[in-house]
*Asks:* 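My structure is below; once you've seen it, I'll send some questions.
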Amino acid sequence: WKMEPFKILETLQLAKADLDSLTRELAEITKKKYEAEKEYNKATLKEIEVARQEKVPATLIKDVVKSRLAEKLFEVRILETKEAYILNRLRNERSNVEILRTILSYKKEEMKDL
């Protein structure tokens, strides 16, 4: 509560820049995630066909394909984790902005009383 209005405005400007940056980063990560999922799905279809040609029992195909594509699935999961992390950072930053706006409103009211 002891922040000066000018400092609050300065902090809000920095927060806006952070929000813009995080939004761009989120868009980039989400695009990469969808591309990785697309590649994983294509590879899955190919591996299912290969497993069938190899006469892998139907009950084991899913497990065989998963093990063969573990690295691709890992990439997808990493991108999902990064996406969730950035979303959480965005939420936190937005909460901080709301707190600063509330403090600024309070300061404005205080100044009216002077």
Side-chain angles (χ1 to χ4, degrees):
W1 292 101
K2 295 185 183 204
M3 289 178 83
E4 295 299 318
F6 179 75
K7 183 68 175 163
I8 294 171
L9 288 172
E10 190 177 271
T11 305
L12 281 169
Q13 287 175 330
L14 291 172
K16 183 192 179 316
D18 287 344
L19 286 170
D20 291 345
S21 174
L22 286 168
T23 301
R24 283 190 299 276
E25 191 176 346
L26 178 62
E28 184 180 312
I29 290 293
T30 300
K31 181 181 176 186
K32 286 180 182 178
K33 182 190 82 167
Y34 285 135
E35 288 171 356
E37 285 175 342
K38 185 172 117 180
E39 290 303 312
Y40 176 76
N41 291 334
K42 282 182 186 179
T44 298
L45 292 175
K46 286 179 186 175
E47 285 298 327
I48 288 171
E49 187 56 37
V50 169
R52 285 182 180 152
Q53 289 173 1
E54 294 172 346
K55 306 278 191 231
V56 173
T59 55
L60 297 179
I61 286 178
K62 183 179 177 182
D63 293 331
V64 169
V65 169
K66 254 185 159 178
S67 68
R68 290 179 182 173
L69 298 176
E71 192 64 35
K72 285 188 181 290
L73 184 58
F74 178 75
E75 289 174 31
V76 170
R77 297 295 180 253
I78 289 294
L79 290 167
E80 287 172 346
T81 302
K82 286 180 181 180
E83 182 182 46
Y85 172 75
I86 294 169
L87 279 169
N88 284 331
R89 285 185 58 203
L90 270 168
R91 282 187 206 106
N92 290 341
E93 195 62 38
R94 286 182 187 130
S95 294
N96 291 340
V97 165
E98 289 307 313
I99 290 167
L100 288 170
R101 285 181 180 162
T102 301
I103 293 170
L104 188 59
S105 293
Y106 178 79
K107 290 286 187 186
K108 284 169 54 175
E109 289 300 316
E110 267 186 352
M111 292 173 76
K112 283 182 186 177
D113 293 338
L114 294 179

*Asks:* Is a salt bridge present between K32 and E28, judged by a nitrogen-to-oxygen distance below 4.0 Å?
*Replies:*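 Salt bridge between K32 and E28, a charged N being under 4.0 Å from a carboxylate O: yes.
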
*Asks:* Any side-chain hydrogen bond (donor to acceptor under 3.5 Å, both in side chains) pairs touching residues 33-46, not counting sequence neighbours?
*Replies:* K33-E83

*Asks:* As an exercise, state the distance from CG of L12 to CD of E98, rounded to the nearest 0.5 Å.
*Replies:* 9.5 Å

*Asks:* When hydrophobic residues are tied together by side-chain contacts of less than 4.5 Å, even through go-betweens, does F74 share a cluster with I29?
*Replies:* no

*Asks:* If you define the side chain from C-beta out and look only at heavy atoms, does anything of V97 sit under 4.5 Å from R94?
*Replies:*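 A side-chain contact is absent here, since even the closest heavy-atom pair is not under 4.5 Å.
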
*Asks:* Listing request: all salt bridge (Lys or Arg N to Asp or Glu O under 4.0 Å) pairs with a residue in residues 50-60, at least two apart in sequence or in separate chains.
*Replies:* E54-R68

*Asks:* What distance separates L26 CG from S21 OG, expressed to the nearest 0.5 Å?
*Replies:*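 Going from the CG atom of L26 to the OG atom of S21 covers 11.0 Å.
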
*Asks:* Membership question, hydrophobic clusters at under 4.5 Å side-chain separation (ILVMFWY): are Y85 and I78 in the same one?
*Replies:*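 I78 does not cluster with Y85.
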
*Asks:* Say you draw a straight line from CD of Q13 to CG of D18; how long is it, rounded to the nearest 0.5 Å?
*Replies:* 12.0 Å

*Asks:* For the pair R89 and N92, evaluate side chain to side chain donor-acceptor pair (under 3.5 Å) and give the outcome as yes or no after the intermediate values.
*Replies:* CA-CA 5 Å; R89 285 185 58 203; N92 290 341; over 6 Å; no

*Asks:* If you look at every heavy atom in L100 and T11, which pair is closest and at what distance?
*Replies:* CD1-CG2, 3.5 Å

*Asks:* Give a yes or no on whether I99 and I8 share a hydrophobic cluster (residues Ile, Leu, Val, Met, Phe, Trp, Tyr; joining criterion: side-chain heavy atoms under 4.5 Å apart).
*Replies:* yes

*Asks:* Is there a path of hydrophobic side-chain contacts, each under 4.5 Å between heavy atoms, that joins L87 and L22?
*Replies:*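 Yes: a chain of side-chain contacts under 4.5 Å links L87 to L22.
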
*Asks:* Hey, is the main chain of R77 close enough, under 3.5 Å, to the side chain of T81 for a donor-acceptor pair?
*Replies:*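 Confirmed, T81 side chain pairs with R77 backbone.
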
*Asks:* Is any side-chain N of the basic residue among D20 and K16 closer than 4.0 Å to the acidic one's carboxylate O?
*Replies:* yes

*Asks:* Report the distance from atom CD1 of I86 to atom CZ of R91, rounding to the nearest 0.5 Å.
*Replies:*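 Separation between the atoms: 12.0 Å.
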
*Asks:* Side-chain heavy atoms nearer than 4.5 Å, only ILVMFWY residues, links allowed to pass through others: does that put I48 and L60 together?
*Replies:*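 Yes: a chain of side-chain contacts under 4.5 Å links I48 to L60.
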
*Asks:* How many angstroms lie between atom CD of E71 and atom CG of L73, to the nearest 0.5 angstrom?
*Replies:* 10.0 Å

*Asks:* Return the CG to OG1 distance between L90 and T23, rounded to the nearest 0.5 Å.
*Replies:* 5.0 Å

*Asks:* Through direct or indirect side-chain contacts below 4.5 angstrom among Ile, Leu, Val, Met, Phe, Trp and Tyr, which residues connect to F6?
*Replies:*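 Its cluster partners, ordered by chain and number, are none at all.
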
